[in-house]
Structure formats: C-alpha cells, structure tokens
Protein chains: 2
Amino acid sequence: MKDGKAGGVQAVTRALTLLRLLGGGSEGQRVTDLAQEAGLAVSTTHRLLTTLEQAGFAHFDPTGATWHVGREAFAVGAGYLQRRSYVAPALTYLRRLRDDTRETANLGHLEDGQLVTLHQVESREIMRAISPPGGRVPATCSAMGKALLATWPDAQIAEFCARHGVLTMTPRSVSTEAELHRQIGTIRARGYAVDDEEHARGLRCVAAAVRGPDGEAVCAISVSAMAVRLGDDRVEEVARRVIAAAEALTHRIGGAPAAG
Amino acid sequence: MKDGKAGGVQAVTRALTLLRLLGGGSEGQRVTDLAQEAGLAVSTTHRLLTTLEQAGFAHFDPTGATWHVGREAFAVGAGYLQRRSYVAPALTYLRRLRDDTRETANLGHLEDGQLVTLHQVESREIMRAISPPGGRVPATCSAMGKALLATWPDAQIAEFCARHGVLTMTPRSVSTEAELHRQIGTIRARGYAVDDEEHARGLRCVAAAVRGPDGEAVCAISVSAMAVRLGDDRVEEVARRVIAAAEALTHRIGGAPAAG
DNA sequence: AACGCCTTTCCGCATCGTGGAAAGCTTTGC
DNA sequence: GCAAAGCTTTCCACGATGCGGAAAGGCGTT
C-alpha cells in the first residue's frame, strides 16, 4: 500500500499511530474521527482499537462510545521514567567526565541510608577503585551521599540522622549531626559536595545531585581520585565539570533543575 | 496460530507484548532474550522492534545492541496523566504527606475494577516500591481501591462484585462480598480505608478518597509502609494526615466534600 | 584462524489483515 | 411514534502482507 514509508509492519505502524492519537488528542475520541485522522478505514480502525484494548493500551468508555489511552500505555511510559532509566543515559556523561578529568567517574543513589555505587567508569591512569559498583557506604561518608542529602529539607536530614546515626569510616568522616548540617549548608551554597578522605584514607571525591522529572534528586554523579592527585587547586575545576555532567543528565532524563 | 487469545490483530498484539517487556524488564534487552520471553521467532521479534523504533516507541542502542522503551511510549503515557486534571495539583500534597509521615505516598484511581497507581512519592528510608506507577491491583486488595468503593452506593458495590468477583492476593485479602460490605461500613464511619497485608505480605496502607466537583470520587491518596513501621498505634495519626491531604486536594480541584 | 553467538537480511508460502458492505444500535427530527 | 441519519460493530472473500527458517554479516573469544 501507499502508507508512506515501507519497512515496518503495516498493522503495527497503524496501531501505534492510533495510540499516539489517543494520547495526544483531546479527551474522548470516537472511532470515526480516529479513522479519519489516521487515514484508515473505519472497520480497520475499530479492529486495531479493539486489539489495543485487549492488551490494555486503550480503554473504551461505553457511555459516549469514546476511546482513551489505557493503563498499560501509562505503565510502559512510567517504566521509562522510573526504571533506573538514568543508568543507561548516564554512561555517556560519565565517560566524558572521566576523559575530561582523567579520574574515575561514578554514578550512585541512596538505598536504605547508604550510598550504592551503580556504575563506574575507571580512570585510565589509576588502578582499582575503592568502591566498586554495587558497593555501599554510609551516606554521610560519601560525596554523592552528602550531595543527595543536601537536597532534602532539614527536618528530613535530622530524621535521617536519628534513624541511621552518623556513621564514620575514617577519622576525617563527619561524626556529628551539627557538623553534617554545617557541611550541608556549604554544599547547597556551592552546588557540589566534597569527600575529603572521609570514606577511605587518601581518597577524595567531588559530587553533584541529579534530579528527576518531579524535581526530586534521584542519583548523584561524582569524580573520585587519590587525594594527592586532586589538590585544593583542582577541586573547583573538577567540581565545575561534575556539576555540568549532573545537569546534563538531569536534562537528559527530563528532570527539573529546581525542587519544590 | 495458537497465540493464546483470538480476536485481536496478531502482529499488533505481539508488538504490544514486546513493548510491555521493554517497559517492564530490566534496562537494555537483547533481541534474542526478548524473542524468548515473548515466545516469538527472532526474525519476527526483530521486525516488530524495528517497526516500534520507526514510530519512536522503542529505541535501539548500538553500543551493546540493546533495546529500550522510546520517547513516544513515554509521551503517550504522559497523556494518560495529563488528561486527569487532579494529578498535577496532587504532587504538592503527596510530597508533604511523604515528608510528614516519612513513608511512601501514593495517588491512584480505578480502571476496569483495578486500582492503578498514578503517582508515587517514595519514602526516603525504604527503597523498592511494591506497586510502582502504572502498577495495578484488584480494587478490593488495596486501601485506595476500598476507599473509592466505599463512596459508591451499596447496589453498585454489589454489581461490582458480580462483575469482577472478589479477587485475593494474600491470605489476608478480603475474600467474600459480606466481608467487603462489613469493611465498607467501617471505612464510611471512619473516613479512611486500611489495607493490612491484603495486597502484599508485610505491607500496610491507609487511604482516603478525593472527590471531584460533582461530588463523585475521582481518585484516592494513600500512605504505604512496611507493616512493622506502621503499627496500630500509628495508623490513626497517619490516617488523619491522609484524610487531610485528600481533603486538601478535593478542595484544590474544586471538589465537593460530601457526595450526593 | 576458526569457532560460537549474536544481529540482521532475504524470500517463498499461506496466513492473516484488509476494507466494503451490511447488520445493530442510538439519537434526532418531524 | 415513526423514519431517517449517523454511528458502532460484525462479517466475509480476496490477496496483500507478515511469517519464520535459513543464510549472511559482525564481533568477541578461544
């Protein structure tokens, strides 16, 4: 047929066109109108819609005989957002970050008060990272953890401390709630968090939070390096790149830069 | 063929199955695996995926040769939410509810006898939601579902049972119509509904209905938490907050507090 | 260099989707 | 209250269209 482009499965292409019309159009569309808009025969349209309904992607409202987007379509779309959809798109930015800084770039999120490293792009210079993917650290001992905490309201942070305590891993780790709150203030002002040998001796990290579509922080990006290679003079430059990566990823996953 | 159910357009049904797999499965799936999961020939799967990609519903990542849900799928799903004018205003109240209770706050509505979770603001303490956005549960196994049913006249509830049956998900789920009617009475008297491990073992929810301008219940708000974290002593306090949130949203969308 | 495992393309066959036509079903006008 | 209009829904014979086995093309591994 002359359905415009070849290559695809006709019936499927048509069904998807209808699905798009259902999602984009005004509320409650009738078979005849949909058929016209899609340029299909009414009977064909009806058959396709019925099929979409059987799969839960379309919904038919008997009162008024109108068609709507179904729950499955929503479920699939929601999966697109929620299903850790930031890991795959993050890879590009992590890699660039690693190449720009020549240090290890990390992606992590919070789980039960701990920071879990989800992915890591290793520095080509230095061997073996301290915290491999899957590794866990108390949130307050990690730059990524602190960057994420800093996006929370103060009351939540206090609650977090009450629940999990303020755990330490090195003599330099944040050890009191007051100290944590002080640091959080700095993090919010600067837009990035620093871990200065608070997780492991000789290791420094710089991190920034990534936000999801609803403005909530979903994960964080960091650069970690041997402290000797990441002096005070270099932190700001690295931080700038980390923030840029975090913002780029925020944008990429349809995130809102500011929270509510 | 013996594709389970007849009536639908084969190619479309199959394509939708793939789409669901893309949305539901782990991120980044290969053709071979998808084919196996869907019970299709590899070549067929590949052709259907290609078609989905042409329409923007699937996305192919050349590095790693993996398939992902596409932007169009998300766009269509978003239409599902946009169409419901109460979703956007609800976010504020959900977030506040989460912050006040430190548990996960949910928004849901009924479709085809099932409760569909529309939005979720996750507890910061606990990860992994049982029922993520897009997820469905039989209405009677859910606090939100029961809260909504309770706003209906008895005759309609009876009809609902006749149509959908009284489905159960755990040994604690409501299993008879009589039991349901008893609970509905309690819900009406108290103003809130409880799901005590009736949907998933170890999970408790407290929900209240939100009404639209015509006094009809349009959606429900709930707080869900691990049962150990939501003891009998805490239910009343949480319920008070859930009801407040539901009333606030009712008011916000110009709803009438009481039914006709 | 040869293997194994995967993606991608090809092609002949018959299955499956197609659209016109006709049958149901409401709503509207008189 | 009846008829006509306009819609949804079902039916069916035809042939275009999607099917899947097989083969070709890539890529990493042994």
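Every chain is numbered from 1, with letters handed out A, B, ... down the list of sequences.
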Interatomic distance where CD belongs to Gln54(A) and P belongs to dG17(C) [whole Å]: 12 Å

side-chain hydrogen bond (donor to acceptor under 3.5 Å, both in side chains) involving Arg96(A) - partner list, sequence neighbours excluded: none

Rounded distance (Å) that lies between atom C1' of dT8(D) and atom CD of Gln36(A): 16 Å

Contact letters for nucleotides 6-12 of chain C, in which S counts primed atoms plus P, OP1 and OP2 and B counts the base, heavy atoms under 4.0 Å: SSBB---

Any Gln10(A) side-chain N or O less than 4.0 Å from OP1/OP2 of dT18(C): yes

Separation of Leu40(B) CG from Arg14(B) CZ (nearest 0.5 Å): 5.0 Å

Length of the line joining Arg14(A):CZ and dG17(C):P, which is rounded to integer Å: 12 Å

Spacing of Leu49(A) atom CG relative to dT18(C) atom C1', expressed in whole Å: 15 Å

Any donor-acceptor N or O pair under 3.5 Å, side chains Asn106(B), Ser222(B): yes

Leu52(A) CG to dG17(C) P, straight-line distance once rounded to whole Å: 13 Å

Atom-to-atom span, CG of Leu18(B) to C1' of dG18(D) - whole angstrom: 14 Å

Whether Tyr80(B) and His109(B) hold their rings parallel, tilted or perpendicular, with breakpoints at 30° and 60°: perpendicular

Between His68(A) and Thr66(A), a side-chain donor and acceptor under 3.5 Å: yes

Test side chain to side chain contact (heavy atoms under 4.5 Å, CB included) applied to Leu49(B) - qualifying residues, sequence neighbours left out: Leu18(B), Leu22(B), Val31(B), Leu34(B), Thr45(B), Leu52(B), Trp67(B)

